[in-house]
Amino acid sequence: MKLAYAVLLLPTTLYAQILGADSDIDQLVAQMDTSEKYSIVNGVGWISRKQQSGYYIGNEPAVDRLGIPSIKMQDAAQGFRTTDERIIGEVTAWPCSLGVASAWDVDLMEDWGHALGKEHRAKGANMILGPSVNVHRVAKGGRNAEYLSGESPKLGEEMARSYVRGVQEEGVMAVVKHFALNNQENDRNTIDSHADERTMQEVYYPPFKAAVDEGVASFMCSYNLVNGTHSCGNEDLLVRDLKERMGFEGFVMSDWWAVNEVGYQNAGLDMDMPGDDGYFSSDNLDASDDGRIDDMVTRVLTQMKKVGLLGTDDQPAAFPNLCDIPGDCDDLFYNATATSAAHEALALSIATQSVALLKNEDDVLPISGAKTIAVVGSACDASNNISAMLKVWDLGNYYVMGGSGRVIAEDPVSIVRGLQEGAGDTITIVESTTDDLDQALAAMENADVVLTCGATTSTEGHDRASLLVDQDDFITQLVEAATIPSVVLLNTPGATVISNFSGKASAVLNMFLGGQATGTAWSNIIYGVESPSGKLPVTFPLSEEDAVEPCSSSPCTYDEKLEVGWRGLVEKDVDFPFGHGLSYTNFDYEVKSKDGLKFELNVENTGKSAGREVVQLYVTYPVAEDAPPVELKGFKKTGVLEPGQSELLEFDISPDDLRSWSTNAGDFVAVSGDFQFDFASSSRDVRVSDTVTV
Ligand code: BGC
């Protein structure tokens, strides 16, 4: 039912009063009867855990009488989820969210947000079930590929903000997830994550808080328990921490079937999804605390209005409703083409910019001139078995992750295809795309350089069994045997252990699961069309023992407290540190001016080719017993700098960023003393330091 029709049903003046006045949402809610109110806080479209034809992954019905359109939700982590075969190819299979974050470019993340918003709208959806922002605690975490914070609350803050802004400016509500402490997939429904308040506030909440500050429409509470209580029925989490302390004015929806008992609405849950569990039945909602139902409904409608989904007869909705479920959306959902040449180009650009060059001995890369390249190994020609994937929702491959974030690519470009297509006239490629060492050595006989590929995937529902790539043995033997320079290209879903071969290889590069443009992006980097400019948002440790394992029993106590990810490894050797990523050129840093907490830093390209640099600011707190470990507090990416060209980057740190959580005060409190500011090219490559007294 369309808004225009609803408008006809209301006397014009009344309608204008309802939606035009300041307290318009209050007035609209006052017009609703109880069943209408109940209908928009409980999902429809699922029966006995089966999604019904003609419905999205998540659905709230329209209230026709009042011109309130339906809410139509779809995942998220690599684009518009391909829940039906017909959708494949109609939407872009983007790089995974962690890949987008690994470009460390807030503008690029915002561009992606806009593109996601546009594709969701083109498919009739007005809500995206993203961003996924949990800070990685467990290196093997099955969903780390979609968690855009990597190991850093600060990276997560910046990326979450840009994503939410981009998506919501397209008239699509964003849902930040999974709140909270959803750091592993094994036993995700029963694991009880225990963390102290300071750890939650300083490590795990910041990306969520940034989304609140950016006006995110919704939060998704997670499957796990937090400090003894399931997240979706956890009043401390949803009311005290989220709605009161963070000031969240939007609505909290449950993860799918994450409601385990009646009464969660009285603990802060505003919407039960997907709605077929009976917990938000009329009888159960009748038992809500006074005023709660109106609060829940107000929260939903306020967010719809804010992103432009509700209009008045005087002022139409900025983003008019395109269709309503069920039935009316089928054509868009199944048949509309949402991808475009512009989105394909953006997917390629993101994948290219996501690549981190981990090592490059003797400048073996980029490859140019008359060369013969051996491309060896099965992962260089990764398959994309669509029919197998359609049968199993949590099957990933080397292009896309498994689970609800999956967007099956119709015809992803394999690495070898990308390299062939980009080779030009002077480069000859000899391929052997199996993991047979003899065949690989034969292919290498007359080659100048060998490229091999390592990959692994991951999925929602369980954690990775190993941090190695699936071809670890083959690559290790190959680089041992190679008498020509060897280059290893990795497609991974998160932190990976590559120490068996990284020492011997001449060059190593990482791209997180790269979506449809994988091979073309590799070609851009390998042939030097672009210099690599991505940085690792996670640590590549020397061994699995250096990483936190998923818990196998509850409670799962976060003993490492603030020393999460790279911050827990500062005293240890690692293979490749957090923030690391080289370029084909070099950069010099110089502090040009300093005014309180404001720095201007000049970055000059002192090398021989064009490139971009990500400057990272690491801050060490004044010495004190309870001082937090060194932390990333800011980062800036330059534009493309030609040789000899410079750019002035401004770092304007807010005093709020230098506070620390006080459990006694129940708030962040100022810390005074000498702070060390390190401007760095990675967490272990500091270029310029200064001291700031606060
Ligand atoms: C996932 C959510 C997702 C939902 C709907 C759940 O299994 O945890 O992230 O949005 O399904 O697909």
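Hydrogens, waters and symmetry mates are skipped; everything else that's a heavy atom, side chains included, is used. In listed order, ligands and their atoms are each counted from 1.
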TODO: With side chain to side chain contact (heavy atoms under 4.5 Å, CB included) as the test, would you mind laying out the steps for Asn126 and His120 before giving the verdict?
DONE: CA-CA 7 Å; Asn126 51 19; His120 269 60; over 6 Å; no

Determine, stepwise, if the pair Ser97 / Glu146 fulfils side chain to side chain donor-acceptor pair (under 3.5 Å). CA-CA 5 Å; Ser97 321; Glu146 67 179 282; over 6 Å; no

Here the atoms of ligand 1 under 4.0 Å from any heavy atom belonging to Met220 are 2 (C), 10 (O)

re atom 10 (O) of ligand 1, the protein heavy-atom contact at minimum distance is Asp75 OD1, 2.6 Å

Residues Met159 and Met109: closest non-hydrogen pair is O-CG, 3.5 Å

In ligand 1, the atoms that come under 4.0 Å of a heavy atom of Leu129 are 10 (O)

### Parallel, tilted or perpendicular, as decided by the 30° and 60° cut-offs, for the rings of Tyr56 and Phe333
perpendicular

Less than 4.0 Å between a side-chain N and a carboxylate O, is that true for Arg165 and Glu169? no

closest protein heavy atom to atom 4 (C) of ligand 1 is Asp255 OD1, 3.6 Å

among protein heavy atoms, the one nearest atom 9 (O) of ligand 1 is His178 NE2, 2.7 Å

Among non-hydrogen protein atoms, atom 7 (O) of ligand 1 lies closest to Glu460 OE2, 2.6 Å

Counting from 1 in the order shown, the ligand 1 atoms closer than 4.0 Å to a non-hydrogen atom of Arg81 are 12 (O)

Does Glu146 reach ligand 1, in the sense of a heavy atom lying below 4.0 Å from it? no

Legend entry - Under 3.5 Å: N/O of Arg143 near N/O of ligand 1: yes

- Stepwise side chain to side chain donor-acceptor pair (under 3.5 Å) check, Tyr558 with Asp196: CA-CA 8 Å; Tyr558 287 25; Asp196 60 74; over 6 Å; no

### Task
Verify the neighbour count for atom CD of Glu544: are there more than 12 heavy atoms of other residues, nucleotides or ligands below 6.0 Å?
yes

Within 4.0 Å of some non-hydrogen atom of Ile57, the atoms of ligand 1 are 5 (C), 12 (O)

I want to know whether Phe179 and Tyr205 have ring centres closer than 6.0 Å. yes

Under 4.0 Å from one or more heavy atoms of Tyr223, ligand 1 contributes atoms 6 (C), 7 (O), 8 (O)

Ligand 1 to Arg188, heavy atom cutoff 4.0 Å, flagged ligand atoms 7 (O), 8 (O)

A student checking ligand 1 against Lys177 at a 4.0 Å heavy-atom cut-off should list atoms 2 (C), 3 (C), 9 (O), 10 (O)

Item to complete: Could you walk me through whether Trp257 and Asp276 pass side chain to side chain donor-acceptor pair (under 3.5 Å), step by step?
Response: CA-CA 8 Å; Trp257 309 288; Asp276 57 343; 2.7 Å; yes

